Asker: 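Here it is: the structure, laid out below.
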Amino acid sequence: MDEGLFSVDKFTGGSQVYFLTHLHQDHTRGLGAAGGWRHGPLYCSPVTARLLPTRFPGVDASLLRPIASGDSASLTISSPTSGRIFSLHVTAIPALHCPGSLMYLIRGDLGCMLFTGDYRWELGCEEARYAKKALLQALAGDSVDVLYMDNTYCHPSLNFPPRRVVAEQIVNIIQAHPDHEVIIGVNNLGKEDLLLHISRALQTKIWVWPQRLLTVHLLGIDDNREIFTTDTSLTRMRAVPRYSLTIATLEALNTVCPTIGIMPSGIPWLWRSSEGKAKASGKSPAKSITCGVQGSGIGTIETDYDPLSPPKLFEKHSYALPYSDHACFAELEDLMQTLRPSAVVGIVRTPSCYANPRHHFSHFFGDEVCSDKAPVENSGHNGSLAPKRRPSGSRRRMIKISRATFYRSRVTRKRKDFCGARITEPEEPICVL
DNA sequence: GCGATCAGCT
DNA sequence: CACAGCTGATCGC
């Protein structure tokens, strides 16, 4: 196992300090280790610290280091291999992705890095403005060497409205079906704000499954027990696990009583691969975007999403709405514009280039960076990330990024299993430029 | 046999 | 292709 200094959203051991951005499954790999995870101090938000024991009872609670939004902590890490001491200063920034989600700004002897984790900072949204202000305040005029960014929807075609706009559209759809049962697909954590909005707007309770009820109570939502219930007889509105909301399920339910499904999420399921097994749904795509990189494994991305058009039936009985907890392209671009980092790394690694921030944001960098025409692998390998050109006078660092097995076979890489990053000791001459 | 990881699906 | 997360197969101890 390679020795690391610290890891973000990666808990398979080998680091001195760990950071968790939020409690979604694809960011907690390794936390459920048999015998109990106890590899080192674990920083997370207070909300995450409260929820974590229910999902990972094996984690030694004394290792949790809750850090609130806007707060900072100083820590020193000693390298297990060389004994060198590194000082770090970490600041927690609200990510607004799901309850308890954080970004981490980490500055110090390893340079300046921002790990956004999954995030959504809607332009013009008050909370996002506040979060951005907190970030700039923490940066105090310094610049980011490496931005580890949520590139889930990093493609110019992927711009969707703020969540509050889509929440209103969802309320309208439900209101237009006064005699229908309503099934809303959600995950184990997240979209609580949407459910609250629907409940308040329509003055109705919402059924959730028992585990979900426990979660909202732990979150301190609905302390008066007026909104969420596990009694199906009290409401026509049900939030169900997203994977259980399928066309087949809805058709079966409709044999019993009229039911509509609401899928509030990003929009990838609207995409149709040009050569894939696209279902013949009779829709004609309004847009067709080509990501012209040879051998990238993806040909044409098509989407028929038009933010100005009213929501429409996705399939029979089912509405798909772009209620996304991930930043859309304009928001990613705004963060790039604000920070102008020396380097950017996508935290979601896909076999294709279409979501690679280096591909779409090359104009933010010096020219040597954009010469990269290869299917950019999000700077994988165990290589060094050399900082790019920048004004003289500022200190620069080489930052070595290592990941467990990168690259393997194309088939294996289909799995999105590298959300996290482990930061290892820099190679010798630390200063560059 | 158990837990961790992987494959496949939505 | 896949937001996050389930089921079931397979691998290794």
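Below, chains carry the letters A, B, ... as their sequence lines are ordered, and counting in each starts from 1. What you see is a predicted model, and the numbers here were worked out from it, not measured in a lab.
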Asker: Distance check: side-chain N/O of A/N188 vs OP1/OP2 of C/dG5, anything under 4.0 Å?
Answerer: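 For C/dG5, OP1/OP2 do have a side-chain N/O of A/N188 under 4.0 Å.
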Asker: Using atom CD of A/Q25 as one end and atom P of C/dA2 as the other, report the distance to the nearest whole Å.
Answerer: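 My rounded result for the distance is 16 Å.
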Asker: Rounded to the nearest Å, what distance is computed from the CZ atom of residue A/R55 to the C1' atom of nucleotide C/dC6?
Answerer: 14 Å
Asker: Base, sugar-phosphate, or nothing: which does A/G32 touch, judged by heavy atoms less than 4.0 Å apart?
Answerer: sugar-phosphate
Asker: Without decimals, in angstroms, what is the distance between A/F11 CZ and B/dT5 P?
Answerer: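 Those two atoms, CZ and P, are 14 Å apart.
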Asker: Within this structure, what is the CG-to-C1' distance between A/N151 and C/dC1, rounded to whole angstrom?
Answerer: 14 Å
Asker: Give a yes or no on whether the backbone of A/L194 and the side-chain of A/R163 come within a donor-acceptor separation of less than 3.5 Å.
Answerer: no
Asker: Using whole Å, what does the distance between atom C1' of nucleotide B/dC9 and atom CG of A/N187 come to?
Answerer: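 Taking CG of A/N187 and C1' of B/dC9, I get 15 Å after rounding.
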Asker: What residues form a salt bridge (Lys or Arg N to Asp or Glu O under 4.0 Å) with A/R55, not counting sequence neighbours?
Answerer: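 Once residues adjacent in sequence are excluded, A/R55 has no partner under the salt bridge (Lys or Arg N to Asp or Glu O under 4.0 Å) criterion.
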Asker: Please report, rounded to the nearest Å, how far the C1' atom of B/dC6 is from the CZ atom of A/R29.
Answerer: 11 Å
Asker: Strictly by modelled atom types, are A/D231 and A/T229 linked by a side-chain donor-acceptor pair under 3.5 Å?
Answerer: no
Asker: Checking all strands, does A/D325 fall into the base, sugar-phosphate, or nothing category for heavy-atom contacts under 4.0 angstrom?
Answerer: nothing
Asker: Listing request: all side chain to side chain donor-acceptor pair (under 3.5 Å) pairs with a residue in residues 31-46 of chain A, at least two apart in sequence or in separate chains.
Answerer: A/S45-A/T48
Asker: Using whole Å, report how far OH of A/Y243 lies from P of C/dG8.
Answerer: 12 Å
Asker: Mind calculating the distance between CG (A/D118) and P (C/dA2) to the nearest angstrom?
Answerer: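 Value for this atom pair: 13 Å.
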